[in-house]
Amino acid sequence: MYPQLFPEGFDWDKENQHFIVGSLQFGTLHTVSDAGVADDFITDKDYAGKASVLGITVDSKRSRVLAVIHRPADPNGELGFNALAGYDLKSGKRVLFVELDQNAVANDVAVDPYGNAFVTNSAGNFIWKITLDGHVSVFAKDPIFTSQDIIVEDDLVRFCGLNGIVYNKRGALLVTQSNSGKLFEVDLHDGSVRLVQTSKALPWADGITVRRDGVALVVSHHTAWFLKTRDNWGEATIVDEVPLNASRFATAITLREDDRTYVLNCYLRDSVNKISRDVFSIEEIEFPKEAAGESVWLILLLVAGLLYVFFWRFQMQHFAKNLSKKRV
């Protein structure tokens, strides 16, 4: 990828068979091929070079990519800037641009089947809703978001509340909270919120995605977690986890064709500390317990196949003997 890119958010564009990443440093969008070749995609003069691109989601149904734009407030008194932008996947034409509250930290975005976008505010611990025609409202603002114990003391994340967000295909959103390590479910009909009881906390939790089978995958800079639920996210069990290289500081996770999992290594701490960096990476990961389970099923299928063959041969031999007896 490009030097100094510091990509914080990404998603897989299945229509065009490449990743789309956003740049903290340049406020631009880029495509990344299977071979790791990065190309320019969007340079929007309204914010490029003046703000960062954070969360990204591809809305395949409407052939667009949504990107969260953020510029922090200046110590000299200049107000911050937050927005949601949308671009056509083919032409790159801007199809949506809405400004959000200035004194906020717009972070990640999810989209529902109707094209409504939902954006997390990490500073205010609430969620905006942006309709297809650009109407903005506060969708979910609940005391449960602000009543959780902070378990991460590092200043990089201590003040980062709601972060990753995803539509979970059952009429709700799943949302991570970085500084508490908590996971929430938000009902899409009325914005009501409930805390998902997890088997343990998810400290530094950032990006989140959901597979078609309902499994949720969450990433932090040091761990990727594999979560399952049996009661529609009242409770969730961490079935497996993969340790990550913390120095690479992964910030996002996505799926390719639903069965391949990738994390985005942003090197966020280097960006904050203004350390120059030329190389960034998209890394494919596997969850060991799931891979082992697939191997067991493969072995069982092979055994079942062999038993079927042996049974069929036995039956044919028995049939042949009976046929010979009848002829005699």
Just grab all the salt bridge (charged side-chain N to carboxylate O under 4.0 Å, His left out) pairs involving residues 9-18, residues at least two apart or on different chains.
none
Is [X] linked to [Y] within one hydrophobic cluster, defined over Ile, Leu, Val, Met, Phe, Trp and Tyr using a side-chain heavy-atom separation of less than 4.5 Å?
X    : Y    : answer
L100 : L173 : no
L244 : L202 : no
F97  : I42  : yes
V58  : V166 : no
L66  : I69  : no

Pairwise distance [atom1]([X]) to [atom2]([Y]) - rounded to 0.5 angstrom:
X    : Y    : atom1 : atom2 : answer
I130 : L84  : CD1   : CG    : 5.0 Å
S220 : F249 : OG    : CZ    : 8.0 Å
D101 : W128 : CG    : CH2   : 5.0 Å
T31  : N16  : OG1   : CG    : 9.0 Å
T176 : I208 : OG1   : CD1   : 6.0 Å
L264 : E283 : CG    : CD    : 10.5 Å

Donor-acceptor pair, side chain of [X] and main chain of [Y], under 3.5 angstrom:
X    : Y    : value
S281 : N265 : no
T223 : P243 : no
K61  : P113 : yes
Y267 : I275 : no
S178 : V157 : no
S137 : F139 : no
S23  : L5   : yes
Q4   : R277 : yes

Atom [atom1] of residue position [X] - does it have more than 12 heavy atoms of other residues, nucleotides or ligands inside 6.0 Å?
X    : atom1 : answer
D149 : CG    : no
K93  : NZ    : no
K50  : NZ    : yes

Non-hydrogen side-chain atoms of [X] and [Y] separated by less than 4.5 Å:
X    : Y    : value
Q148 : L195 : yes
T261 : T254 : no
L174 : E185 : yes
R94  : D46  : yes
F159 : I150 : no
I20  : L89  : yes
L162 : F184 : yes
Y114 : L132 : no

Without placing hydrogens or testing angles, list every side-chain donor-acceptor pair under 3.5 Å for residues 234-242, not counting sequence neighbours.
from : atom 1 : to   : atom 2 : distance (Å)
D240 : OD2    : K289 : N      : 2.7
E241 : OE1    : K200 : NZ     : 2.9

Partner residues of [X] under the salt bridge (charged side-chain N to carboxylate O under 4.0 Å, His left out) criterion, sequence neighbours left out:
X    : answer
D258 : R212
D88  : none
E284 : R260

Identify the heavy atoms of [X] and [Y] that sit nearest to each other, and give their distance.
X    : Y    : value
F145 : A140 : CE1-O, 3.8 Å
L96  : G134 : CD1-CA, 4.0 Å
E99  : V136 : O-CG2, 4.4 Å
Y167 : R170 : OH-N, 4.2 Å
I151 : P203 : CD1-CB, 3.9 Å
V196 : W233 : CG2-O, 3.2 Å

Establish, yes or no, whether a centroid distance under 6.0 Å links the rings of F81 and Y47.
no
Quick one, T57 with D59, criterion side chain to side chain donor-acceptor pair (under 3.5 Å). Give me CA distance, side-chain angles, the key distance, then yes/no.
CA-CA 6 Å; T57 192; D59 181 6; over 6 Å; no
Just do the side chain to side chain contact (heavy atoms under 4.5 Å, CB included) check on V111 and R64 with the steps written out, would you?
CA-CA 11 Å; V111 64; R64 62 177 181 162; 4.0 Å; yes
Would you call the rings of F6 and F280 parallel, tilted or perpendicular, taking 30° and 60° as the class edges?
perpendicular
Assess the residue pair R256 and D34 against the criterion (side chain to side chain contact (heavy atoms under 4.5 Å, CB included)); give the C-alpha distance rounded to whole Å, side-chain angles, the decisive distance to 0.1 Å, and a yes or no.
CA-CA 11 Å; R256 175 177 175 176; D34 272 343; 2.5 Å; yes
Output a table of donor-acceptor pairs, distance under 3.5 Å, between side-chain atoms of residues 102-110 and any protein atom two or more places apart or on a different chain; print 'none' if there are none.
from : atom 1 : to   : atom 2 : distance (Å)
N107 : ND2    : S122 : OG     : 2.9
N107 : ND2    : N163 : OD1    : 3.3
D108 : OD2    : I165 : N      : 3.2

Distance alone, cut at 3.5 Å: any donor-acceptor contact between the side chains of [X] and [Y]?
X    : Y    : value
H30  : T28  : yes
S276 : D278 : no
N125 : Q177 : yes

Can you list the steps and then say if Y262 with F19 is a ring-ring contact (aromatic ring centres under 6.0 Å, His included)?
CA-CA 10 Å; Y262 295 84; F19 294 98; 5.1 Å; yes
Check the pair F226, L217 against side chain to side chain contact (heavy atoms under 4.5 Å, CB included), reporting the backbone distance first and the verdict last.
CA-CA 5 Å; F226 182 109; L217 307 175; 3.7 Å; yes
